[in-house]
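Structure, as structure tokens:
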Amino acid sequence: MTGFSADWLALRAPADAAARDEGLLGDAAAIAGEGLIADIGGGTGATFRALSPLAPKATWRVLDADGALLAQLPRDERISGVEVNLSSDLSPIFEGEPRLVTASAFFDLASRDWIDAFAARLAASGAALYAALTYDGRQAWEPRPPGEDGALSLFHEDMRRDKGFGPALGPGAHAALVDALRRRGYEVSEAESDWRLTSPDFGELIEALAQGGGDALESQLPYRICQDWIDSRKAASCVLVGHMDLLATPPAPNSGA
């Protein structure tokens with residue numbers, strides 16, 4: 001799996017915290033109760049920080065392929081970090097029979113096949129799923145950069161590169177996950193969790209997004225066009241980046257689903 005730096009995770013953390021849907025977060029905490037939570041792609045513990053205050057008696061297994069990120073998990077007796085590559089073996093997620101599986105900003109890195117296999121294993125386990133901050137393709141930058149539609153389309157194509165879980169779905173991941181879960185009888189609740197960034201409060205994050213998008217496209221666009229796009233995005237006063245949260249609960253026993 002392609003990793004992310006701790007600096008990037010820290011930079012995006014305030015935007016993530018503001019964007020999470022509070023209703024689904026609270027419902028996920030109620031499901032977790034005093035049980036085990038398995039957090040996939042958990043990095044430095046973003047989901048733990050968001051959810052643990054609402055479920056203080058739950059225990060956590062945070063799974064990630066990057067041991068350096070796991071080393072920065074909060075020092076808390078409720079957490080154990082597990083360095084593991086989940087690209088081909090999903091069994092570590094379900095060790096200890098978690099009541100709730102969680103992930104933040106993760107599923108857009110995965111392929112359709114991986115998501116389908118994950119949904120099958122989740123259904124077999126009977127666990128619920130809280131998946132937050134899955135990018136869904138919506139972006140709005142004000143003032144609007146020149147060539148935005150074409151550049152954003154190329155950026156989405158770049159997102160679909162293999163990130164370690166097969167060809168990534170990028171902005172199509174949330175819909176694919178909902179479909180895979182509903183086909184297995186899960187009841188799925190959804191809510192938007194958009195980043196709404198204004199400058200100067202989120203100026204550093206806006207600049208990082210602009211530069212990151214440009215870096216992804218530097219080999220696909222003429223230099224001057226790419227640089228103008230980056231510069232225009234960096235000068236944005238208001239940015240929306242669309243994300244979705246979901247909470248999926250398994251069918252009741254003997255429901256026939």
Side-chain contact test, heavy atoms from C-beta onward, threshold under 4.5 Å: evaluate it for Asn85 versus Ser88 and give yes or no. no
Before you tell me yes or no, could you show the steps for Leu181 and Leu246 under side chain to side chain contact (heavy atoms under 4.5 Å, CB included), namely the whole-Å CA-CA distance, both residues' side-chain angles and the distance that decides it to 0.1 Å? CA-CA 11 Å; Leu181 293 165; Leu246 71 77; 4.1 Å; yes
Test your reading of the model: is there a side-chain donor-acceptor pair from Asp21 to the backbone of Ser193, 3.5 Å cut-off? no
Will you find, in the side chains of Asp108 and Thr134, an N or O donor that is under 3.5 Å from an N or O acceptor? no
What's the spacing between Ser153 OG and Glu148 CD if we round to 0.5 Å? 11.0 Å
Within a radius of less than 6.0 Å around CD of Glu97, do more than 12 heavy atoms belonging to other residues, nucleotides or ligands occur? no
Please test Ile93 against Leu86 for side chain to side chain contact (heavy atoms under 4.5 Å, CB included), starting from the C-alpha separation and ending with a verdict. CA-CA 8 Å; Ile93 299 171; Leu86 299 173; 3.9 Å; yes
Inspect the contact between Arg99 and Glu34 and indicate whether a charged nitrogen and a carboxylate oxygen are less than 4.0 angstrom apart. no
With distance as the sole criterion, is a donor-acceptor pair present between the side chains of Ser111 and Asp113 under 3.5 Å? no
Can a donor-acceptor pair be found, under 3.5 Å and without considering hydrogens, that links the side chain of Arg144 to the backbone of Ala140? no
In Å, rounded to the nearest 0.5 Å, how long is the span from CG of Leu209 to CD1 of Ile230? 12.5 Å
Looking only at heavy atoms, the pair that brings Ala55 and Ala32 closest together is CB-CB, 4.4 Å
Spatial distance of atom CZ (Phe107) from atom CG (Leu129) [nearest 0.5 Å]: 5.0 Å
Got Val62 and Val82 here, is their nearest side-chain heavy-atom distance under 4.5 Å? no
Shortest non-hydrogen separation from Ala210 to Arg233 and the atoms involved: CB-CB, 3.5 Å
In this structure, which one of Asp89, Leu63, Leu70 forms a side chain to side chain contact (heavy atoms under 4.5 Å, CB included) with Val84? Leu63
Can you name the ring pair (Phe, Tyr, Trp, His ring centres under 6.0 Å) partners of Trp60, sequence neighbours left out? Phe48
Under a 4.0 Å threshold between the charged nitrogen and the carboxylate oxygen, would Arg138 count as salt-bridged to Asp194? yes
Does the pair Phe106 and Phe165 meet the rule for a ring pair (Phe, Tyr, Trp, His ring centres under 6.0 Å), with working shown? CA-CA 11 Å; Phe106 172 80; Phe165 299 94; 5.5 Å; yes
Within a reach of under 6.0 Å around CZ of Arg121, are more than 12 heavy atoms found that belong to other residues, nucleotides or ligands? yes
Atom CD of residue position Gln211 - does it have more than 12 heavy atoms of other residues, nucleotides or ligands inside 6.0 Å? yes
With sequence neighbours left out, the residues meeting ring pair (Phe, Tyr, Trp, His ring centres under 6.0 Å) with His174 are none
Examine distances only and state if a side-chain atom of Asp64 and a backbone atom of Gly43 form a donor-acceptor pair shorter than 3.5 Å. yes
Answer yes or no: is there an ion pair linking Arg49 with Asp76, defined by an N-O contact shorter than 4.0 Å? no
Hey, are the side chains of Cys238 and Leu197 touching, using non-hydrogen atoms and a 4.5 Å cut-off? no
So which heavy atom on Leu109 is nearest to which on Ala168, and how close? O-CB, 3.5 Å
Only counting residues at least two apart or in another chain, list the ones meeting side chain to side chain donor-acceptor pair (under 3.5 Å) with Arg20. Ser104, Tyr130
Could you verify whether a donor N or O on one side chain and an acceptor N or O on the other, from Gln227 and Trp229, lie under 3.5 Å apart? no
Atom CD of Glu204 with >12 non-hydrogen neighbours under 6.0 angstrom: no
Carboxylate-amine/guanidinium proximity below 4.0 Å for Asp179 and Arg182: no
Would you call Arg112-Asp116 a salt bridge at under 4.0 Å N-O? no
Side-chain H-bond candidate by donor/acceptor type, Ser5 with Asp7, under 3.5 Å: no
Measure up the His243 and Tyr135 rings against each other and bin them: parallel (under 30°), tilted (30 to 60°), perpendicular (over 60°). perpendicular
Using 0.5 Å steps for rounding, measure from the CH2 atom of Trp114 to the NZ atom of Lys163. 14.5 Å
Apply the side chain to side chain contact (heavy atoms under 4.5 Å, CB included) test between Trp195 and each candidate in Ile206, Val239, Asp16, Leu240; give the one that qualifies. Asp16
Give me the atom names and distance for the closest heavy-atom approach of Ala128 to Tyr186. CA-CE2, 4.5 Å
Shared hydrophobic cluster, Ile31 / Leu177 (ILVMFWY, side-chain heavy atoms < 4.5 Å): no
